[in-house]
Amino acid sequence: MEKKMGRPKSNNPLNIDIKVRINQSTNEKILKICEKKHITRAEFIRNAIEEYLNIN
């Protein structure tokens, strides 16, 4: 059997897709923070959700 190429399997795959609607102002604020921290918008949102869940 040949060795498979590609990314290794994750122990905690990000396989759930959530769609939300936000206004332009909120999006601009998020993008500004993402640019400053060199992260993607999805990463920002995941971090914000985790932080919220840890507080509450």
Side-chain angles (χ1 to χ4, degrees):
M1 183 176 241
E2 286 187 40
K3 188 175 183 180
K4 289 188 176 184
M5 299 293 286
R7 294 186 132 184
K9 297 286 184 190
S10 172
N11 291 335
N12 191 16
L14 303 175
N15 57 356
I16 306 297
D17 189 17
I18 299 174
K19 181 178 177 179
V20 297
R21 293 183 181 268
I22 58 174
N23 62 31
Q24 185 67 33
S25 173
T26 301
N27 189 53
E28 288 171 3
K29 291 175 188 174
I30 291 171
L31 292 175
K32 192 177 288 188
I33 293 169
C34 290
E35 188 175 315
K36 201 179 288 187
K37 294 185 173 236
H38 304 288
I39 61 175
T40 64
R41 190 169 57 169
E43 191 173 0
F44 171 87
I45 293 168
R46 281 193 298 270
N47 292 341
I49 291 169
E50 282 297 319
E51 188 174 323
Y52 181 85
L53 293 174
N54 288 332
I55 289 171
N56 293 307

### Query
By side chain to side chain donor-acceptor pair (under 3.5 Å), which residues pair with S25, not counting sequence neighbours?
none

### Task
Mind checking the CG-CD spacing from L31 to Q24? Nearest 0.5 Å is all I need.
8.5 Å

### Message
side-chain contact (heavy atoms from CB on, under 4.5 Å), that's the test. Do I22 and I30 meet it? Break it down for me.
### Response
CA-CA 10 Å; I22 58 174; I30 291 171; 4.0 Å; yes

### Query
Got more than 12 heavy atoms from elsewhere within 6.0 Å of CG, D17?
no

### Task
Mind checking the CD1-CZ spacing from I18 to R46? Nearest 0.5 Å is all I need.
10.5 Å

### Task
For a side-chain contact (heavy atoms from CB on, under 4.5 Å) with I39, tell me which candidate from K36, E43, E35 qualifies.
E43

### Query
Would a 4.5 Å heavy-atom cut-off, applied to side chains only, mark R41 and I45 as touching?
yes

### Query
Would a hydrophobic clustering, with Ile, Leu, Val, Met, Phe, Trp and Tyr connected at side-chain separations under 4.5 Å, put L14 with Y52?
no

